[in-house]
*Asks:* 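For reference, the structure I am asking about is given below.
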2 protein chains.
Amino acid sequence: MSSKVTIHEVARLSGVSIKTVSRVLNREPNVKNDTRTRVQEAVAALNYRPNISARSLAGSKAYLIGVFFDNPSPAYVTDVQLGAIARCREEGYHLIVEPLDSEGDVAAQVEPMLHTLRMDGVILTPPVCDNVAVLDVLEAEGVPYVRLSPDQDQDRSAHVRMDDVRAAYEMTAHLIGLGHTDIGFIKGHPEHGASHLRYEGYVAAMKEHGHAVREDHVEQGWFSFRSGFEAAERLLGRPDRPTAIFASNDDMALGVMAVANRLRLEVPQSLSVAGFDDTPGAKVVWPQLTTVRQPIQAMAAAAADLLLTGATRAEGEAPPSRLLDFELVVRESTGPVG
Amino acid sequence: MSSKVTIHEVARLSGVSIKTVSRVLNREPNVKNDTRTRVQEAVAALNYRPNISARSLAGSKAYLIGVFFDNPSPAYVTDVQLGAIARCREEGYHLIVEPLDSEGDVAAQVEPMLHTLRMDGVILTPPVCDNVAVLDVLEAEGVPYVRLSPDQDQDRSAHVRMDDVRAAYEMTAHLIGLGHTDIGFIKGHPEHGASHLRYEGYVAAMKEHGHAVREDHVEQGWFSFRSGFEAAERLLGRPDRPTAIFASNDDMALGVMAVANRLRLEVPQSLSVAGFDDTPGAKVVWPQLTTVRQPIQAMAAAAADLLLTGATRAEGEAPPSRLLDFELVVRESTGPVG
DNA sequence: GCTCGCCTTGACAAGGTTGTCATGCCTTTA
DNA sequence: TAAAGGCATGACAACCTTGTCAAGGCGAGC
């Protein structure tokens, strides 16, 4: 029970009013330098920390940033949290996590949260970031929000994303550079915007390098291991099979590797395999997976930054956004055409 | 900006004092039934939600539960959050996540958190749950906490855990039931308590079924893919290699599978492989891994429950604890001895 | 030397809820 | 019938900070 030090005791010790202490705490102007120093010393001496409840009750800030997610991968969620926290800590903010049940009425889950706990801002991850009902509620409640990799209606709000098209383009170019011309592609879940963007990048690279996109070398997947497995069975079952397969995410690429393993196709000698996302699983296969790394922590930190600097509130013009660089991670699953 | 409905408006609409509204909200006794109903109707009509900052400032509860973690797997962290949230929501509590940097001075990171944001309780995951400095700070600040799968000094606090010994026993018995007698074992990180417990279960099952524990069939690992890989290379490199390998966690088991794959040993025809934890990776290999599933979400929910019901504060006697059931997940990586 | 205006500071209210204590009514007991 | 006690409710203070507004001090310009 060491706590219970209030602003009054700091004020008494430093010989000023509580208001001046408040000013120092909030880095407000109009405090003489030596007054400021005196207060800071008292704060340190008493190990004083402002009470966040009193602060948010009296002022406008709650010192809380929310992260809403529903169901993307654990690795993604944790990275988002780590990235957001890193930035929030600098300003004394805390992170509140709110998993949403996308089966139910998501908006109805969000509304009470915002009502009770007045958050200063919310970070939305896919797929919640494209749930219009949630966006409506946030706007109705006047809570600023930033979307991570939004798919729909990007101009609606501040957002942070990565250039999926260019990443897929470069991965395809990497395979072409290794001598592959017949490159199979496994699309992702058709309702995820990233699916289309990645496919677009693949097509652009193929065309630009003068290779045809063969329809029978493009399969529909659903971002799951199983869908990748089945797509690979179809792709590799035919006599004129591709020499490389680029799957729209790692889980599906791992499905491809499993099929290759069953068919006794050596990777990468007989088949190159590329994924997307750099999930933990990418390093837990043999050979390790060539893939694209999204800078998820950096993206989340950027989102927190937009929130903390109030960059979301600009009216009239296009909402602020950040575009971050990806990283091509070349491991052992891709090699020269054999 | 739809909010701003306060307790006063509810009081006015239902014709009682704000104190009575407060009583209804907090399920306090001594309110006539029809008064209670009238208030509840007003609450519903106005869509009123108590302001959490004001509540925690005035009262003793903050309606916040913290989850401290440093570095276990993302899948584990997310499951803990989901489990804890599920229970917290029932009581209107929110979850605050605080990743800790275990490289730095962890206690110094924890102290300010508790000071500013007065949490009602904290859930500690391994390995933070065994950091004595953190426990000291929590106790000094008077914040109740529950540890998940603590390793050291279990009597120090409330905790929730799973029976690792029995789980390892049953997995070993499962292999023995398939006809295996030469069962290799890969130990986990020697500083994790679970390592010893799992080994203990393995030894007990072997002895009880009349099989010798051959020292050259037991290897030291570190819970990592690589350490499992290397241990498997040693185990499978010798002429009298075991017919089954039980690794203390999934990552190491995946390392074993990779070696088997390289040596062209069919799993499970020529080698059975068992893991522990049921991480996502267990389903992303071919064949899928037989393993033990920890009921992580249920454990976290139990921890939250201990916190919310105040079961942690009992003085004098042993702190409350819960022991949850594991689940043996038999997939395709284990089979009859060939 | 005086006025004006900026810088610095403080007194006080406000923010929405819970805790304490007092009050009045109704029921039980002697 | 009177006293005692329990139940239902309300008035008001308290929680700790920030926002508003007023006031004092001091230097610059005339």
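This is a predicted model, so every value here is computed, not measured.
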*Asks:* Is there side-chain contact between B:Tyr76 and B:Pro126, with heavy atoms separated by less than 4.5 Å?
*Replies:*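 With C-beta onward as the side chain, the pair touches.
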*Asks:* Under the ring pair (Phe, Tyr, Trp, His ring centres under 6.0 Å) rule, collect the residues that match up with A:Tyr93, sequence neighbours excluded.
*Replies:*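 A:Tyr93: ring pair (Phe, Tyr, Trp, His ring centres under 6.0 Å) contacts with A:Tyr63.
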*Asks:* In degrees rounded to 10°, what angle is found between the helical axes fit to the five outermost pairs at each end of the helix from C:dG1-D:dC30 to C:dA30-D:dT1?
*Replies:*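 The angle, to the nearest 10 degrees, is 40°.
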*Asks:* Expected output is a numbered-order residue list: members of residues 49-59 of chain B with a heavy atom under 4.0 Å from any atom of DNA chain D. What is it?
*Replies:*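 Here the set is B:Leu57, B:Ala58.
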*Asks:* Students often get this wrong, so: under 4.0 angstrom with heavy atoms, is B:Tyr48 touching a base, only sugar-phosphate, or nothing?
*Replies:*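 Contact class for B:Tyr48: sugar-phosphate only.
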*Asks:* Is the closest basic N to carboxylate O distance between B:Glu41 and B:Arg36 below 4.0 Å?
*Replies:*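 Looking at B:Arg36 together with B:Glu41, the answer is no, because their closest N to O distance does not fall below 4.0 Å.
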*Asks:* Go through the structure and list residues passing ring pair (Phe, Tyr, Trp, His ring centres under 6.0 Å) with B:His94, not counting sequence neighbours.
*Replies:*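 Checked B:His94 against ring pair (Phe, Tyr, Trp, His ring centres under 6.0 Å); zero matches.
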*Asks:* Which is the 5'-most and which the 3'-most nucleotide of DNA chain D that has an atom under 4.0 Å from a heavy atom of chain B?
*Replies:*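 Contacts span D:dA8 to D:dC16, reading 5' to 3'.
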*Asks:* For B:Phe326, which residues count as a ring pair (Phe, Tyr, Trp, His ring centres under 6.0 Å) partner, sequence neighbours excluded?
*Replies:*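 Partners of B:Phe326 by the ring pair (Phe, Tyr, Trp, His ring centres under 6.0 Å) criterion come out as none, since no residue qualifies.
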*Asks:* More 5' along DNA chain D: B:Val16 or A:His8, using each one's nearest nucleotide?
*Replies:*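 Upstream on the strand: B:Val16.
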*Asks:* Please enumerate all residues that pass side-chain hydrogen bond (donor to acceptor under 3.5 Å, both in side chains) together with A:Arg38, with sequence neighbours excluded.
*Replies:*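 Counting only residues at least two positions away or on another chain, A:Arg38 forms no side-chain hydrogen bond (donor to acceptor under 3.5 Å, both in side chains).
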*Asks:* Report the C-alpha separation of A:Asp136 and A:Arg156 in whole Å, then their side-chain angles, then the decisive distance to 0.1 Å, and conclude whether the salt bridge (Lys or Arg N to Asp or Glu O under 4.0 Å) test is met.
*Replies:* CA-CA 11 Å; A:Asp136 286 344; A:Arg156 175 159 183 177; 2.6 Å; yes
*Asks:* With sequence neighbours left out, what residues match B:Ala133 under side-chain contact (heavy atoms from CB on, under 4.5 Å)?
*Replies:*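 By the side-chain contact (heavy atoms from CB on, under 4.5 Å) rule, B:Ala133 matches B:Ala107, B:Asn131.
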*Asks:* Once you apply a heavy-atom cut-off of 4.0 Å, does A:Lys32 come out as touching a base, just sugar-phosphate, or nothing?
*Replies:*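 It contacts sugar-phosphate atoms only.
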*Asks:* B:Thr6: which residues meet the side-chain contact (heavy atoms from CB on, under 4.5 Å) condition with it, sequence neighbours left out?
*Replies:*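 Testing B:Thr6 for side-chain contact (heavy atoms from CB on, under 4.5 Å), a comparison that skips the adjacent residues, returns B:His8, B:Glu9.
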*Asks:* Quick one: closest heavy-atom pair of A:Met299 and A:Met162, and the distance?
*Replies:*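 Residues A:Met299 and A:Met162, closest heavy atoms: CE-N, 3.9 Å.
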*Asks:* Where do B:Ile7 and B:Ile18 come nearest, in terms of heavy atoms and distance?
*Replies:*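 That closest heavy-atom pairing would be CD1-O, 3.6 Å.
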*Asks:* Among all residues two or more places apart in sequence or in another chain, which pass the ring pair (Phe, Tyr, Trp, His ring centres under 6.0 Å) test with B:Tyr48?
*Replies:*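 For B:Tyr48, no residue satisfies ring pair (Phe, Tyr, Trp, His ring centres under 6.0 Å) once neighbours in sequence are set aside.
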*Asks:* For a 4.0 angstrom threshold against heavy atoms of chain B, report the outermost contacting nucleotides of DNA chain C in 5' to 3' order.
*Replies:*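 Here the contact window of chain B covers C:dG16 to C:dT20.
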*Asks:* By the side-chain hydrogen bond (donor to acceptor under 3.5 Å, both in side chains) test, which pairs, at least two apart or in different chains, include something from residues 293-304 of chain A?
*Replies:*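 Non-adjacent pairs meeting side-chain hydrogen bond (donor to acceptor under 3.5 Å, both in side chains): A:Asp79-A:Gln297, A:Asp278-A:Arg293, A:Arg293-A:Glu327.
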